[in-house]
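Working notes, beginning with the structure itself.
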Amino acid sequence: MERRRSLSYAITSPGGRAFGDTRGLRPVSEMRQKNGERRPSGARPDELVLVLMSTTVAAPRPVAVSIPTVKWAWFGIAIAVGLIIAFIPTPHGLTHNAQLVLAILAFAIVLWAAEVMNNGVASILMMALLIAVAKVPPPRALSGFADPAFWTLLAVLYYGYAMQKTGLAERISYWILSLFPGSYSGILMAFFVIGLVLAMGIPSMTVRTSIMAPIAWALVQTLGLKPRSKGAALIMITVIEMAVLPGLAFLLGSLNGPVVIKMFGQKNVPLTQGSYFVVMALPTLILCGLILLFNQWLLKPETKLSASRDFVRGKLAALGSFKRQELITAVVILVSIFLWATQSTPNQQRLHSLPSYVVGMLALTVFAMSGILDDAGIARGVSWTLLLFLGGIFGLQAVIPDNKITDWLASMMVPHMQSVVSSPIELLILLALIMLALRWLDPTAFIALPLVFLPLTEPLAKAGIQPLILTAPLLLCSAPFWMPYMNFWIAMGDGITAREAWDRGQLFVTATAYAIAAILTTVVSVFYWRMVGVL
């Protein structure tokens, strides 16, 4: 039965004349006389009076939301791509089940790229198809949700929520502005320094992003930059890059470090932090410098930014002293940073062995007990679309190697490398391009790195190219983000900013700039490596 509401209004002027549409309305004075009421004492003659009457009004019907035709078209394209890959003759060296895995992955990539549906739902659909069609064991298809990286990500996303809710992110953003020139260049340089310092102690790029991105977004809002404006996109995209890339300078400054250590161990090649630093430190700084220049050139804001330091200091002073919940959040973050920085690794014994995700879980308990994280905050504090999406992505780290897809790709790649071994620049550029291409299939880079490195180590070593030189272009090109699914730190930024930081065009342009900067860095580094005698 249709629900009806008994609300209608009489809005009258001092003379008892109704304003606006007067159908069904009577002067309030007439109504009051009938009911024996008097005007309240002290009421102004020009006061408007709102009166509830007994006229019934039909409640509005829910509006049906239809899926745009263009999304149905892309859904059809995704199905067609998947079916084509599934039914072509099985390539040599690939099993039929592995072929089905590639077909389902291609189907999912089209869904993610075209945003046909919620990306979290598309990730769930991919996992369901892997189990039902490709016969992937459920524990392997769903293994992403048991991955420590998933739980680290879930926990640290709530750090950002706590910083925003308590006002700590706003305070830190004003403090950063007070230390550096109030221009885009000054702000971006500040975040580069922050990213470099954090990378020395925190190996998790996810943790660094979760610390820096909420602060940057609070800063964007403090400066009054419009959503998806060039200024907002410039700050947010660059800050995420500066949270990720400076860590490449240190062997244990990124999540790629353990992967590199494992690769060298499999080939029994010696590796030290000092030798890694010599090869990677300067190229990493060059890459960061090029990105800072390219991004400001490509996303030149509509107006110049000039935040007065006196104005910023005034805003900082207006915030007053730390509030209780703000102080708790600050202490939790500082203690977490200390524990992350002093955590033991497989190759280095430090203060303790608590994993990053355990530190995050304990922090969530403190947030909950102090009232910072309540039931409503659990629901809206993080993007569950992002978490469902990344759960499927992390699971691919098990599914793809299990089906020997990496071995098959390596067997096709190695023969083509022999023709360019004599020219290091051409070889390294080719390796960089291969890494960028593989990242369309491997959203983590943890599969692509050993896929390229392991089969090429011995033939390139015979040609005088050290394994670390082989690793350099792979690491420099390990974080492209033409599509959010290719880079889960960019996907994190999408979630933290509620997709208001950038548009797809701005993302594509800066991603292309990153790829060009990484290739240029590789070329320039060849001369540096020759100069220091490692090539």
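Each residue takes its place number in the sequence, starting with 1. Small disclaimer: the values here were computed from a predicted structure and weren't measured.
- Between Trp502 and Ile490, the closest heavy-atom pair is CZ2-O, 3.6 Å.
- Between the side chain of Arg140 and the main chain of Val399, no donor-acceptor pair closer than 3.5 Å is present.
- With hydrogens and angles disregarded, no donor-acceptor distance shorter than 3.5 Å links the side chain of Ser123 to the backbone of Asn119.
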For residues 465-481, dump all side-chain donor-acceptor pairs below 3.5 Å to protein atoms at least two apart in sequence or in another chain.
| residue | atom | partner | partner atom | Å |
| --- | --- | --- | --- | --- |
| Gln466 | NE2 | Val534 | O | 3.3 |
| Thr471 | OG1 | Pro467 | O | 2.9 |
| Ser478 | OG | Leu475 | O | 2.7 |

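- Leu364 and Ala155 get closest at one heavy-atom pair: CD2-O, 3.9 Å.
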For Ser275 and Thr272, what are the C-alpha separation, side-chain angles and deciding distance, and is it a side-chain hydrogen bond (donor to acceptor under 3.5 Å, both in side chains)?
-> CA-CA 5 Å; Ser275 61; Thr272 65; 2.9 Å; yes
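- Of all the heavy atoms in Leu339 and His352, the pair that sits closest is O-NE2, 2.7 Å.
- Asn295 and Glu241 share a donor-acceptor pair across their side chains, judged by distance under 3.5 Å alone.
- By the side-chain contact (heavy atoms from CB on, under 4.5 Å) test, Glu500 pairs with Trp217, Pro227, Arg228, sequence neighbours left out.
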Which donor-acceptor pairs under 3.5 Å do the side chains of residues 450-457 make with protein atoms, sequence neighbours left out?
| residue | atom | partner | partner atom | Å |
| --- | --- | --- | --- | --- |
| Thr457 | OG1 | Phe453 | O | 2.7 |

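- Annotation: side chain of Leu285 is in contact with side chain of Phe192 (closest heavy-atom distance under 4.5 Å).
- A distance-only check finds a donor-acceptor pair linking the side chain of Gln325 to the backbone of Ser370 [under 3.5 Å].
- In terms of heavy-atom proximity, Met236 sits nearest to Ala213 at CE-O, 3.6 Å.
- With a 4.5 Å cut-off on side-chain heavy atoms, Ile328 and Arg324 count as touching.
- In this structure, the side chains of Leu100 and Leu130 stay at 4.5 Å or more apart for every pair of heavy atoms.
- Using a distance-only test at 3.5 Å, with no hydrogens or angles considered, a donor-acceptor pair links the side chain of Asn118 to the main chain of Gly120.
- Interatomic distance, CZ of Phe394 versus CZ of Phe150, reported as 8.0 Å (0.5 Å rounding).
- Separation of atoms CD1 (Ile286) and OH (Tyr528) is listed at 8.5 Å; rounding is to 0.5 Å.
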List the steps, then state whether side chain to side chain contact (heavy atoms under 4.5 Å, CB included) holds for Tyr161 with Arg380.
-> CA-CA 9 Å; Tyr161 169 77; Arg380 67 171 184 266; 4.1 Å; yes
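- The CG atom of Leu105 lies 6.0 Å from the CG atom of Leu396; values are rounded to the nearest 0.5 Å.
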Are Glu326 and Lys165 close enough, and set up right, to give a salt bridge (Lys or Arg N to Asp or Glu O under 4.0 Å), and what steps lead you there?
-> CA-CA 9 Å; Glu326 189 181 358; Lys165 180 180 178 181; over 6 Å; no
Can you check side chain to side chain contact (heavy atoms under 4.5 Å, CB included) on Leu271 and Leu251, steps first, answer last?
-> CA-CA 10 Å; Leu271 176 65; Leu251 179 57; 4.0 Å; yes
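- Here Ile215 contributes atom CD1 and Ile194 contributes atom CD1; the two are 6.5 Å apart, rounded to the nearest 0.5 Å.
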Residue pair Arg171, Trp175: steps toward the side chain to side chain contact (heavy atoms under 4.5 Å, CB included) verdict | CA-CA 6 Å; Arg171 185 184 297 275; Trp175 180 69; 5.8 Å; no
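- Of the inter-residue distances, the one linking Ile516 atom CD1 with Leu290 atom CG reads 10.5 Å to the nearest 0.5 angstrom.
- Heavy-atom minimum distance, Pro484 versus Arg504: CD-NH2, 3.9 Å.
- A 6.0 Å sphere centred on CH2 of Trp151 holds no more than 12 heavy atoms belonging to other residues, nucleotides or ligands.
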Report the C-alpha separation of Leu449 and Met435 in whole Å, then their side-chain angles, then the decisive distance to 0.1 Å, and conclude whether the side chain to side chain contact (heavy atoms under 4.5 Å, CB included) test is met.
-> CA-CA 8 Å; Leu449 275 168; Met435 186 63 179; 4.0 Å; yes
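- One N or O on the side chain of Lys323 and one on the backbone of Ser321 form a donor-acceptor pair closer than 3.5 Å.
- The shortest distance between side-chain heavy atoms of Trp489 and Arg208 does not fall below 4.5 Å.
- A centroid separation of less than 6.0 Å is found between the aromatic rings of Phe389 and Trp112.
- At a threshold of 4.5 Å between non-hydrogen side-chain atoms, the residues Leu234 and Tyr184 count as touching.
- Shown here for Leu248 and Met280, the closest heavy-atom pair between the two residues is O-CB, 3.6 Å.
- Inspection of the Ser185 and Gln296 side chains reveals an N or O donor paired with an N or O acceptor under 3.5 Å.
- Formation of a donor-acceptor pair under 3.5 Å by the Thr95 side chain with backbone atoms of Ala98 is found in this model.
- Proximity of Thr510 to Ile291: side-chain heavy atoms (C-beta onward) are nowhere separated by under 4.5 Å.
- Checked against Val220 for a side-chain contact (heavy atoms from CB on, under 4.5 Å), the options Leu225, Val239, Thr497 give a single hit: Leu225.
- The structure places CG of Leu219 at 11.5 Å from CE of Met212, a figure rounded to the nearest 0.5 Å.
- Two rings, from Phe367 and Tyr159, have their centers less than 6.0 Å apart.
- Using a distance-only test at 3.5 Å, with no hydrogens or angles considered, no donor-acceptor pair links the side chain of Lys135 to the main chain of Asn97.
- Under the 3.5 Å distance criterion, the side-chain polar atoms of Thr238 are left unmatched by any main-chain donor or acceptor of Ile235.
- Two residues are said to be in side-chain contact when any heavy atoms from C-beta on lie closer than 4.5 Å; Leu292 and Met189 meet this criterion.
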